[in-house]
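Structure first, commentary second.
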2 protein chains.
Amino acid sequence: MSKQLTNTQQKILDFIIDKKAEGKVPTLAEIAERFGYRNRSTVRQHLQAIEKKGFIKRNPKISRGIDLLTEDKLFIPRPVLGEVAAGNPLTIYPDAIDTVDLPTIARMPKDSFLLKVKGDSLKDAYIFTGDVVIVNPNPEPRNGQIVVAVLDDAAVVKRFFKKRNRIELHSENPEYEPIVIEKDYSGFKIVGVVVGVYRNMETRVG
Amino acid sequence: MSKQLTNTQQKILDFIIDKKAEGKVPTLAEIAERFGYRNRSTVRQHLQAIEKKGFIKRNPKISRGIDLLTEDKLFIPRPVLGEVAAGNPLTIYPDAIDTVDLPTIARMPKDSFLLKVKGDSLKDAYIFTGDVVIVNPNPEPRNGQIVVAVLDDAAVVKRFFKKRNRIELHSENPEYEPIVIEKDYSGFKIVGVVVGVYRNMETRVG
DNA sequence: CAAACCACCATACATCTGTATGGTAAATTA
DNA sequence: TAATTTACCATACAGATGTATGGTGGTTTG
């Protein structure tokens with residue numbers, strides 16, 4: 001059985017996981033710099049310990065050759081910037097304290113952010129309470145994309161269509177009439193494009 | 001405006017994207033080896049062209065310092081191994097031809113695979129047609145996890161509970177009675193644990 | 001046709017990267 | 001108390017890595 005990591009080892013592993021989440025793998029030197037070590041050997045010895053305990057797998061002789069093995073770390077906490085509940089104002093957490101466990105698989109697209117869905121008002125788009133929408137800030141959404149927008153201080157999550165002189169926001173549910181925004185209406189602002197919806201099944205224990 | 005990539009440049013970029021999706025970044029040498037070049041300079045010149053056209057950003061002097069910029073490539077195709085439609089047999093595609101566009105953000109956890117959901121028979125778990133479930137093969141699911149299992153050749157996606165002498169599969173919908181499997185029943189096999197559900201909002205154009 | 005681009009090659013080189021080895025000091029454990 | 005583990009240091013080195021420079025041959029394009 002793999003033993004427990006020491007405090008220092010855990011911090012180093014967390015750093016590697018964070019880097020991996022950015023699509024990067026740190027070198028020994030980069031890890032050493034991060035923790036103020038003057039020497040790569042120190043890092044190397046820590047990595048050897050971490051590997052011995054079964055949390056990573058290193059490719060010898062290959063630079064940045066660190067693979068994560070740890071099943072326990074399948075999830076990394078990601079900051080959630082706020083909440084959307086269609087109709088209500090868009091809540092942005094002042095300090096982004098709340099986090100959601102995204103799979104380690106989930107490397108956020110650059111500059112995109114997460115919003116937690118509250119309430120079932122988006123259920124006609126098959127989005128439910130507790131779901132996390134991945135939002136890519138984009139000043140120019142393409143037609144047909146689902147966007148998060150603010151309309152007169154109320155948050156909406158709708159499908160975006162740009163017509164000649166106006167913008168239309170369609171609901172997934174055809175029974176609802178589209179919202180029509182005339183061009184240059186100042187109370188309207190696109191927050192971003194909903195890239196996807198992720199629902200974590202492991203932590204939602206029934 | 002960034003120009004079009006040439007055929008060769010596109011292939012190299014695709015290779016980098018694939019590697020990034022594995023949580024790795026290739027070196028010039030690795031790219032050269034992949035394409036049969038005898039020289040890293042060839043790769044370097046291609047990368048310079050790709051960077052000039054605005055698809056990547058390179059960190060000079062830093063090994064494996066390639067960042068993807070391309071918004072068009074926010075998604076990478078991932079093989080889908082099969083389909084789940086609760087009640088029906090688990091369909092595994094013989095050649096895994098079908099693919100789903102996962103966000104570039106999505107680095108699959110090791111050994112996990114994707115199953116496409118077909119039919120609305122899982123809607124009591126808020127999973128719908130077109131959704132992709134991320135399955136982590138795991139011989140020992142923990143209580144309360146949602147699992148994909150095969151029971152008498154039919155696929156089920158249920159919440160898993162292990163009792164003393166039996167296994168219970170609960171539906172999200174409390175109206176449905178749990179399925180009870182006595183220990184050592186041979187017609188039952190766990191396929192894996194559902195780690196999460198991802199729904200791509202961009203490609204599903206209404 | 002000349003100029004530009006494309007797709008490759010070879011050689012040379014400074015720096016980065018991981019490794020090897022040996023040492024110090026403190027805390028923990030047997 | 002002795003042995004082990006943890007956490008750091010320094011120096012040295014081979015090979016990996018990105019870069020610089022210059023060359024060949026083919027294809028587009030003005």
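Proteins come first, then strands; the chains are lettered A, B, ... in the order of their sequence lines, and each starts at number 1.
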Quickly work out the B:L47 CG to C:dC8 P distance and round it to whole Å.
13 Å

Backbone of A:R58 reached by a side-chain donor or acceptor of A:E51 within 3.5 Å
yes

Would you mind reading off the distance between A:L5 atom CG and D:dA7 atom C1', rounded to a whole angstrom?
15 Å

Do A:K20 side-chain atoms and A:I66 backbone N/O form a donor-acceptor pair below 3.5 Å?
yes

Please state how far atom CD in A:E51 lies from atom P in C:dG18, giving the value in whole angstrom units.
13 Å

Would you say the side-chain atoms of A:N143 pair up with the backbone N or O of A:K162, donor to acceptor, closer than 3.5 Å?
yes

Flag, side chain of A:R64 to backbone of A:V25, donor-acceptor distance under 3.5 Å
yes

By the 4.0 Å heavy-atom rule, please label A:Q48 as base, sugar-phosphate, or nothing.
nothing

Measure from CG on A:L28 to P on D:dA14 and round the result to the nearest Å.
19 Å

With nearest nucleotides of DNA chain C determined for A:A29 and B:T6 from heavy-atom distances, which residue corresponds to the more 5′ nucleotide?
B:T6

How close or far is atom P of D:dC8 from atom CD1 of A:I31, stated in whole angstroms?
13 Å

Length of the CZ-C1' vector between A:R58 and C:dT19, whole Å
9 Å

Within residues 36-46 of chain A, residues whose heavy atoms come under 4.0 Å of DNA chain C
A:R40, A:S41, A:R44, A:Q45

Protein-nucleotide distance (B:Q9, atom CD; C:dC5, atom C1'), rounded to Å:
10 Å

Please compare B:G65 and A:T8 by the position of their nearest nucleotide in DNA chain D and report the one closer to 5'.
A:T8

Using the side chain to side chain donor-acceptor pair (under 3.5 Å) criterion, which residues pair with B:T42? Sequence neighbours excluded.
none

Taking CG from A:N7 and C1' from D:dT5, how many angstroms apart are they, rounded to a whole number?
15 Å

Determine the minimum heavy-atom distance between B:P26 and B:I16, stating which atoms define it.
CG-CG1, 4.1 Å

Check: A:E30 side chain, A:T27 main-chain N or O, donor-acceptor pair, under 3.5 Å
yes

